[in-house]
There are 2 protein chains.
Amino acid sequence: VIDTRGLSKTYQMGRVEVPALRDATFTVERGEFVAIMGASGSGKSTLMNLLGCLDTPTAGEYHLDGINTAGLSRNAYADIRNRKIGFVFQGFNLLARTSALENVELPLLYDRSGREFDPPKAAQSALELVGLGDRLTHESNQLSGGEQQRVAIARALVNEPALVLADEPTGNLDSRTSVEIMFMLQGLNAQGITILLVTHEQDISLFTKRIVRLHDGRIIKDEPVHHR
Amino acid sequence: VIDTRGLSKTYQMGRVEVPALRDATFTVERGEFVAIMGASGSGKSTLMNLLGCLDTPTAGEYHLDGINTAGLSRNAYADIRNRKIGFVFQGFNLLARTSALENVELPLLYDRSGREFDPPKAAQSALELVGLGDRLTHESNQLSGGEQQRVAIARALVNEPALVLADEPTGNLDSRTSVEIMFMLQGLNAQGITILLVTHEQDISLFTKRIVRLHDGRIIKDEPVHHR
Ligand SMILES: Nc1ncnc2c1ncn2[C@@H]1O[C@H](COP(=O)(O)OP(=O)(O)OP(=O)(O)O)[C@@H](O)[C@H]1O
Ligand SMILES: Nc1ncnc2c1ncn2[C@@H]1O[C@H](COP(=O)(O)OP(=O)(O)OP(=O)(O)O)[C@@H](O)[C@H]1O
Ligand SMILES: [Mg+2]
Ligand SMILES: [Mg+2]
């Protein structure tokens, strides 16, 4: 599903260069469940944004499902994103003054894959899956931090993507709610959905099957989770 | 420092009432270090916003430093906040298109306590204290999630408040950076600064001296941290 070679991203700030990701080479097969870990500022979100086709690399290659993303137009990039990828943003990225239900319906309104969806019904069941069945009408600023985070998770899952990229999906959740979300993600993975999940919590990484560790923009470790 | 009696907050959404905080009665003395814990949606941020004079209760009393906050005008509320309280927001609340340094200087530009500050110097040392000495010129969207969170922490500390209210200050930080922040907060507490900190992580609560646990808007537990 994911194949990167020498993937790099250097941010340009005036004359200063910030090499956020350097030379990342790794492969993820269909159905894997991978945790991306590393210190604050080590390049995790930068990597996730490249894998989610939300940003373009400054060097290296990224093949998604065998397609070389370098050759794609902006529209093709957006199209791949909407069809194949569910992205959970570290900052949630919910629309303000919009209800939880409407936020989660949004991807279905843009879906052009030809699949049949009933947006309000699909959105409601995605919100029930993350424990927010009683918060459907709340707007983003009428929800707690962890509730907003769970709306962002529901939105990423609602159009049944083949690949889920979740950036710190449990950062604002208490342990019990985090475990519920991780069991839910394990269930999706058991159905064949490929999941990459950034986390800084050791306990959360133990729900996955492989850990890729970043340090200063480089992959320094890539090994299976041992306790299984 | 903090004395609440029957403190309650019910949000009104059209005809629906959401009782986020019910009957919270507790006292915090000067120099205490308290963790506020509880499930997602249990009322932690609602309580912190009331204690930080960012919102007004729908019932009950809150005395801050012996002053009954019910009798205060909006200006007096803002004045107390700027002088006495450093607030770390769960969503960071940084100004966009503004550098880390300028974000941290902001409280000093509004400070009317008469204390002498050198804003750029004070802001730089606050950012160095949280490990961001090399990110002073980055704007908010040029910083990682955990770096933004640390700018929010530095901003709350820069005008040397007597009371620090931190809402999930380590939610986006890796373990090592979290520990550095907790050691830094313990150091401030040892100098007599009163700290209330919302966290969902058990490990983080062990750096504090007392845990107040919320469940569905009520205080169900309030006890010292045992291992000390
Ligand atoms: N403005 C609002 N209008 C209506 N309901 C609200 C509003 N703000 C919060 N709520 C609700 O009140 C409850 C408590 O919210 P609060 O933000 O205090 O929770 P929390 O304990 O901080 O949760 P988290 O750990 O997820 O941040 C939540 O269930 C939320 O949906
Ligand atoms: N647009 C940008 N311009 C300049 N520098 C940036 C930009 N975005 C990120 N950076 C820098 O690149 C580095 C990596 O950022 P990234 O967001 O990938 O880290 P991260 O591993 O996700 O961290 P965190 O765990 O704190 O979320 C950071 O040090 C950050 O300051
Ligand atoms: Mg990040
Ligand atoms: Mg909260």
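Chain letters run A, B, ... following the sequence lines, proteins first, then strands; residues in each count from 1. Bear in mind the structure is a predicted one, so any value in this text is a computation, not a measurement. Side chains are part of it too, since the values below use all heavy atoms of this structure and drop only hydrogens, waters and symmetry mates.
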Exercise for review: Find the distance between CD (A/Glu201) and CD (B/Glu201) and round it off to the nearest 0.5 Å.
Suggested key: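 The CD atom of B/Glu201 is 4.5 Å from CD of A/Glu201, to the nearest 0.5 Å.
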Check your understanding: So do B/Gln142 and A/Val18 actually touch side chain to side chain, heavy atoms under 4.5 Å?
Key ->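 They are not in side-chain contact.
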Review point. Are A/Asn172 and B/His200 side-chain neighbours, meaning at least one heavy-atom pair lies under 4.5 Å?
Key: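 Side chain of A/Asn172 against side chain of B/His200, heavy atoms only: no contact under 4.5 Å found.
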Practice item. State which residue, out of B/Glu147, B/Arg176, B/Arg150, fulfils the side-chain hydrogen bond (donor to acceptor under 3.5 Å, both in side chains) condition with A/Ser40. Key: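 Considering B/Glu147, B/Arg176, B/Arg150, a side-chain hydrogen bond (donor to acceptor under 3.5 Å, both in side chains) with A/Ser40 is found only for B/Arg150.
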Part of [X] within contact of chain A (heavy atom distance under 4.5 Å):
| X | answer |
| --- | --- |
| B/Ser175 | both |
| B/Thr137 | both |
| B/Ser144 | side chain |

Check your understanding: Most heavy-atom pairs under 4.5 angstrom with chain B, which of A/Gly146, A/Gly131, A/Ala39?
Key ->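 Between A/Gly146, A/Gly131, A/Ala39, the count favours A/Ala39.
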Point to revise | Choice from A/Gln202, A/His138, A/Glu168 maximising heavy atom contacts with chain B below 4.5 Å | key: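 Most pairs with chain B among the choices: A/His138.
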Check your understanding: What residue in B/Thr177, B/Leu143, B/Leu173, B/Val16 has the most heavy-atom pairs under 4.5 Å with chain A?
Key ->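 Among the listed options, the one with the most contacts to chain A is B/Leu173.
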